[in-house]
Amino acid sequence: MADESTSEETGSDAAPGRPARMTAKGFHDEPGVEDWRVLFWGAHVFYRTASFAEAAALVAAITDVVAAVGHAPDLDVRPHGVAVRTFSRSDGALSPVDAELAAGIQRAARALGLEPDPSHLQTVGIAVAQDDGVDTRPFWTAALGYDDVGDEDALDPHRRGPHLWFHQLDPAKPGRGRTHIDVSVPRDVAERRVAAAVAAGGRIVRSNAPHWWTIASPDNHGIDIAAWADFEDGDEG
């Protein structure tokens, strides 16, 4: 997934009638969303719960918020906690209604005595590098049952599996595809995650701290740990 802090809206996804995009900074500036973090594909929160019944009580409270706001999030419900993601556009961009929903969910969670835990938040993607003039996205979408999103991405239509981001190899290596893993985490988690990966035998190959780090595993597989989505303050549109 390209760094939206330096990219522009293009293609059919920029058509009139789409919700106005709210940047990560704009979202964080709204009152009552302190529990939330902006990662790839939306704003996210995780609330710890002591049982499945407690998690279900939060889901019931979220249902009331959704009815009031008219905008529904994605939920992942486990006995130890509930993960929530909200977004307004197919590219994962936020709009003001996401901030309204997030504030309502935060109020509901706090009324139940629940605490957020940003350390449980992450989204994982696969970056597929391909040579100039080669388009492997149709193969990947066919094999995984994914849908195209914009010019560079593919997404599980049910938003369960990792997203795919397609980009050119630099420098070019004809006939050699290459992939690496992208991990989007909150900005207040990123440096701890990088330190843990290095302590486990990784080495930092490139760094644009505190926005992102490229780390190689002991056997030279690549992983990017990215916090830039939580900082993003590009043009809204």
Side-chain angles (χ1 to χ4, degrees), residues 1 22 24-69 71-88 92 94-95 97-125 155-156 158-163 181-200 210-213 223-232:
M1 184 177 185
M22 173 179 276
K25 183 179 185 303
F27 178 86
H28 287 309
D29 285 346
E30 290 293 311
V33 298
E34 297 81 11
D35 295 352
W36 293 73
R37 303 294 186 270
V38 180
L39 311 182
F40 294 167
W41 307 105
H44 305 245
V45 70
F46 180 88
Y47 287 107
R48 297 189 303 270
T49 57
S51 65
F52 191 82
E54 193 169 68
L58 176 58
V59 173
I62 290 174
T63 300
D64 293 337
V65 177
V66 169
V69 175
H71 185 63
D74 288 343
L75 299 178
D76 183 280
V77 184
R78 307 296 172 98
H80 63 278
V82 178
V84 189
R85 169 173 54 187
T86 182
F87 62 96
S88 287
L94 301 172
S95 74
V97 72
D98 293 297
E100 182 183 0
L101 179 71
I105 291 173
Q106 180 170 307
R107 287 193 300 271
R110 292 190 176 187
L112 291 170
L114 301 179
E115 295 290 334
D117 188 348
S119 70
H120 284 271
L121 293 177
Q122 70 176 24
T123 65
V124 175
L155 196 65
D156 177 351
H158 300 289
R159 298 181 295 279
R160 297 168 302 188
H163 69 268
I181 305 298
D182 285 337
V183 183
S184 175
V185 297
R187 56 184 170 182
D188 48 350
V189 170
E191 291 188 3
R192 296 198 304 273
R193 187 67 65 84
V194 171
V198 170
H211 296 276
W212 55 262
W213 297 257
I223 187 166
D224 281 7
I225 294 178
W228 63 259
D230 211 15
F231 290 94
E232 193 264 333

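Quantities reported herein were computed from a predicted structural model and do not represent experimental measurements. Position 1 is the first residue of the sequence, and the numbers go up from there.
The nearest pair of heavy atoms linking Ala103 to Pro31 is CB-O, 3.9 Å. Closest heavy-atom contact between Pro73 and Val66: CD-CG2, 3.5 Å. Closest approach of Trp213 to Ala190, counting heavy atoms only: CZ3-CB, 3.6 Å. The shortest non-hydrogen separation linking Pro79 to Thr49 is O-OG1, 2.9 Å. Between Ala55 and Arg78, the closest heavy-atom pair is CB-O, 3.5 Å. Across all non-hydrogen atoms, the minimal contact from Ala72 to Leu101 is C-CD2, 4.4 Å.
For the atom pair CD1 (Ile181) and CD1 (Ile223), the distance works out to 6.5 Å, reported to the nearest 0.5 Å. The CZ atom of Arg48 lies 13.0 Å from the CG atom of Leu58; values are rounded to the nearest 0.5 Å. A distance of 11.0 Å separates CG in Leu94 from CD in Glu30, rounded to the nearest 0.5 Å. Remark: Phe52 CZ to His80 NE2 distance equals 12.0 Å, nearest 0.5 Å. The NE2 atom of His163 sits 12.5 Å away from atom CG of Asp156, with the distance rounded to the nearest 0.5 Å.
Arg107 pairs by the salt bridge (Lys or Arg N to Asp or Glu O under 4.0 Å) definition with nothing, not counting sequence neighbours. By the salt bridge (Lys or Arg N to Asp or Glu O under 4.0 Å) test, Asp74 is found to be paired with Arg85, Arg159, residues two or more places apart in sequence or in another chain being considered.
Side-chain contact check for Arg193 versus Val183: some heavy-atom pair is nearer than 4.5 Å. With contacts defined as side-chain heavy-atom distances shorter than 4.5 Å, the pair Val84/Ile105 qualifies. Contact check for Val194 versus Glu191: no side-chain heavy atoms found under the 4.5 Å cut-off. Put simply, the side chain of Arg110 reaches to within 4.5 Å of the side chain of Asp35, judged on heavy atoms. Pro210 has its side chain out of reach of Arg187: every pair of non-hydrogen atoms, C-beta onward, lies at least 4.5 Å apart. The closest side-chain heavy-atom distance from Leu39 to Pro186 is below 4.5 Å. No side-chain heavy atom of Glu34 sits under 4.5 Å from any side-chain heavy atom of Pro116. The shortest distance between side-chain heavy atoms of Thr123 and His44 falls below 4.5 Å.
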- Query: Is there a side chain to side chain contact (heavy atoms under 4.5 Å, CB included) between Tyr47 and Leu112 once you walk through the steps?
  - Reply: CA-CA 11 Å; Tyr47 287 107; Leu112 291 170; over 6 Å; no

- Message: Checking His28 against Asp230 for the side chain to side chain contact (heavy atoms under 4.5 Å, CB included) test, could you report, in this order, the C-alpha distance in whole Å, the side-chain angles of both residues, the deciding distance, and whether it holds?
- Response: CA-CA 9 Å; His28 287 309; Asp230 211 15; 2.6 Å; yes

- Task: Determine, stepwise, if the pair Ser88 / His71 fulfils side chain to side chain contact (heavy atoms under 4.5 Å, CB included).
- Result: CA-CA 9 Å; Ser88 287; His71 185 63; 3.9 Å; yes

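Within a 6.0 Å radius of CD in Glu54, other residues, nucleotides and ligands contribute more than 12 heavy atoms.
The aromatic rings of His120 and Phe46 lie parallel to each other, their planes meeting at an angle below 30°, with 60° marking the opposite boundary.
Remark: side-chain polar atoms of Ser184 are paired, donor with acceptor, to backbone N or O of Phe40 under 3.5 angstrom.
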